[in-house]
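Before any comments, here is the structure.
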Amino acid sequence: MAVDVVTFGCRLNTYESEVMKREAKAAGLEELKGGAVIFNTCAVTSEAVRQAKQSIRKARRENPDARIIVTGCAAQTDPAAFTDMAEVDLVLGNEEKLKAHNYRALPDFGVNDFEKARVNDIFSVRETAGHLVDAIEGRARAFVQVQNGCDHRCTFCIIPYGRGNSRSVPMGAVVEQIKRLAGNGYAEVVLSGVDMTSYGADLPGAPRLGKLIKTILRQVPDIRRLRLSSIDSIEADEDLLEAVATETRLMPHLHLSLQSGDDMILKRMKRRHLRDQSIQFCADVRKLRPDIVFGADIIAGFPTETDEMFENSIRIVEECGLTHLHVFPFSPREGTPAARMPQVRREIVKQRAARLRAAGDVTYARHLESLKGSCQQVLVEREGLGRTECFTLVALDRGAPGEIIEVDISGHDGERLVAAPAAARAA
């Protein structure tokens, strides 16, 4: 029988799901009648938790004999929400999910059926080991964990309670993992973490993220593209900026954790930057790397946000030139300070989120238009679709998943670039 892992949320979860699948198989879950379905959940929003529960119920209907195990950030922060579900057989914490023996905590292996949860204090975890994987199933690019947890306490964020304090994977382990993936044919690797720009503070010598990037590119010449997941611009170090400016294998796409464009809201969020610092960062990096493209996370309708405050978030989309926008309608998470602040009415939150997305659509359309007639190096993600170095979608008529091909851009359809037919390029 099979061990299936259903993954919600971030790239770090995607990487960890590969480790989980290996550990669950090592524990013997494939031997169980009906196999097992493991849910690796996300706790960023209440909607993410709702979707996980919905999927769990569906899985039980479709797999009545399977063992259903729930883990991830939602399970870590609120295990009772899943132990109370009749469909669930076992709940594991974020640290427990990475060790084979915890998957044997089932009646099938002689454990009492009332011992349904194994979720320990995540803040007691002091180190993050490097778990070597050979592939990321179903993905043309690979994700590699370099850091976990967060030492900051933004007032809206539940994630530190799911991931614990910041801890880094030693550089040698990161390099070894990327060498293995490159040797297995991956052309692109994405470095992932919860608060990635805090990398290295807990390691001997306190190396920064920029040093890690330079070390990877120097020691793994076979890796053709290195990409960063979300970063906190206020923590960007000199080596990171130098790598952006000089390392062509470091992709020209940075996703920023901005969250708001208003100084008062940023203070109430307990963010460590102000709007002018974000604008200046984008301007400075563009001087270093003119082809850089910025994405950003922005929350709409944070508690106490007035119309004037929200307009500052609308304006920062243009002022920073944000092309790939991730908009989150504010979702109060129980246990966070923001959940106790005066809330913005839900209909206003939704309206503001829609306006932010519309502003992002304008800058994205301008970005697509600017690439018409250009030549792009595209990583094929699946048949008919790939991404440029600046992470822009491209419709293709050729190429195998995982392959990097050179294409001429003939236009766009408003959502993605369109590559010229192979015959036209040959001509």
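For clarity, every value in this text was computed on a predicted model and none was experimentally measured.
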Student check: side-chain heavy atoms of [X] and [Y] closer than 4.5 Å:
{"X": "Leu256", "Y": "Ile231", "value": "yes"}
{"X": "Met196", "Y": "Leu209", "value": "yes"}
{"X": "Arg268", "Y": "Phe156", "value": "no"}
{"X": "Thr41", "Y": "Val49", "value": "no"}
{"X": "Ile314", "Y": "Leu356", "value": "yes"}

Pair [X] + [Y]: basic N to acidic O under 4.0 Å:
{"X": "Arg272", "Y": "Glu235", "result": "yes"}
{"X": "Glu369", "Y": "Lys372", "result": "yes"}
{"X": "Lys211", "Y": "Asp239", "result": "no"}
{"X": "Arg289", "Y": "Glu389", "result": "no"}
{"X": "Arg50", "Y": "Glu47", "result": "yes"}

State which residue, out of Arg387, Arg139, Arg416, fulfils the salt bridge (Lys or Arg N to Asp or Glu O under 4.0 Å) condition with Glu381.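 Option passing the salt bridge (Lys or Arg N to Asp or Glu O under 4.0 Å) with Glu381: Arg387.
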
Under the criterion salt bridge (Lys or Arg N to Asp or Glu O under 4.0 Å), which of Arg249, Arg225, Arg224 is the partner of Glu188?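 Single salt bridge (Lys or Arg N to Asp or Glu O under 4.0 Å) partner of Glu188 among Arg249, Arg225, Arg224: Arg225.
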
Test side-chain hydrogen bond (donor to acceptor under 3.5 Å, both in side chains) applied to [X] - qualifying residues, sequence neighbours left out:
{"X": "Ser229", "value": "none"}
{"X": "Ser230", "value": "none"}
{"X": "Gln219", "value": "none"}

Where at least one partner belongs to residues 228-283, residue pairs that pass ring-ring contact (aromatic ring centres under 6.0 Å, His included), sequence neighbours excluded: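 Matches after skipping sequence neighbours: His253-His324, His253-Phe391, His255-His326.
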
Using the ring-ring contact (aromatic ring centres under 6.0 Å, His included) rule, collect all pairs that involve residues 214-252, keeping only residues at least two apart or in two chains.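 For residues 214-252: none.
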
Checking the side chain of [X] only, and the main-chain atoms of [Y] only, is there a donor and an acceptor separated by less than 3.5 Å?
{"X": "Asp151", "Y": "Ser166", "result": "yes"}
{"X": "Arg104", "Y": "Ala27", "result": "yes"}
{"X": "Asp232", "Y": "Thr197", "result": "no"}
{"X": "Arg167", "Y": "Asn165", "result": "yes"}
{"X": "Asn13", "Y": "Phe8", "result": "yes"}
{"X": "Tyr364", "Y": "Gly414", "result": "no"}
{"X": "Arg275", "Y": "Asn312", "result": "yes"}
{"X": "Asp297", "Y": "Gln259", "result": "no"}
{"X": "Arg271", "Y": "Ser257", "result": "yes"}
{"X": "Thr388", "Y": "Val378", "result": "no"}

Applying side chain to side chain donor-acceptor pair (under 3.5 Å), run through Gln280 and Asp284 and close with a yes or a no. CA-CA 6 Å; Gln280 189 63 52; Asp284 291 345; 2.8 Å; yes

Stepwise salt bridge (Lys or Arg N to Asp or Glu O under 4.0 Å) test for Glu318 and Arg366: CA-CA 11 Å; Glu318 284 285 348; Arg366 188 185 306 142; 3.0 Å; yes

Dump the intermediate steps for side-chain contact (heavy atoms from CB on, under 4.5 Å) on Ile69 and Tyr103, then the final yes or no. CA-CA 8 Å; Ile69 301 170; Tyr103 288 96; 3.9 Å; yes

Between Leu228 and Leu250, is a side-chain contact (heavy atoms from CB on, under 4.5 Å) present by the stated rule, with each step listed? CA-CA 8 Å; Leu228 306 181; Leu250 181 60; 4.1 Å; yes

Nearest non-hydrogen partners of [X] and [Y], listed with the distance:
{"X": "Arg153", "Y": "Lys270", "answer": "O-CD, 3.7 Å"}
{"X": "Ala140", "Y": "Val380", "answer": "CB-O, 3.3 Å"}
{"X": "Gln76", "Y": "Tyr161", "answer": "CG-O, 3.6 Å"}
{"X": "Val418", "Y": "Asp413", "answer": "CG2-N, 4.2 Å"}
{"X": "Asn102", "Y": "Glu96", "answer": "ND2-O, 2.9 Å"}
{"X": "Met341", "Y": "Pro303", "answer": "CB-CB, 3.5 Å"}

[X], [atom1] atom: more than 12 neighbouring heavy atoms under 6.0 Å:
{"X": "Gln277", "atom1": "CD", "answer": "yes"}
{"X": "Arg382", "atom1": "CZ", "answer": "no"}
{"X": "Glu334", "atom1": "CD", "answer": "no"}

Could you check Arg180 against Gln177 for side-chain contact (heavy atoms from CB on, under 4.5 Å), going step by step and ending with a plain yes or no? CA-CA 5 Å; Arg180 178 179 290 208; Gln177 173 65 95; 4.2 Å; yes

Any side chain to side chain donor-acceptor pair (under 3.5 Å) pairs touching residues 349-358, not counting sequence neighbours?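 Sorted pair list: Glu305-Arg352, Asp307-Arg352, Glu311-Arg355.
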
Working note: Asn40 + Ser17, criterion side chain to side chain donor-acceptor pair (under 3.5 Å); need CA distance, chi angles, decisive distance, verdict. CA-CA 7 Å; Asn40 197 9; Ser17 287; 3.1 Å; yes

Less than 3.5 Å apart, any donor N or O on the side chain of Asp202 or Ser168 sitting next to an acceptor on the other?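 On atom types as modelled, these side chains qualify, holding a pair under 3.5 Å.
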
Given salt bridge (Lys or Arg N to Asp or Glu O under 4.0 Å), test Glu238 with Arg208 step by step and report yes or no. CA-CA 9 Å; Glu238 288 185 13; Arg208 302 290 300 276; over 6 Å; no

By the definition side chain to side chain donor-acceptor pair (under 3.5 Å), identify the one residue from Gln376, His412, His367 that meets it with Thr392.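 Exactly one candidate clears the test, His367.
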
Going through the distances and angles, do Val190 and Val144 end up as a side-chain contact (heavy atoms from CB on, under 4.5 Å)? CA-CA 6 Å; Val190 184; Val144 171; over 6 Å; no

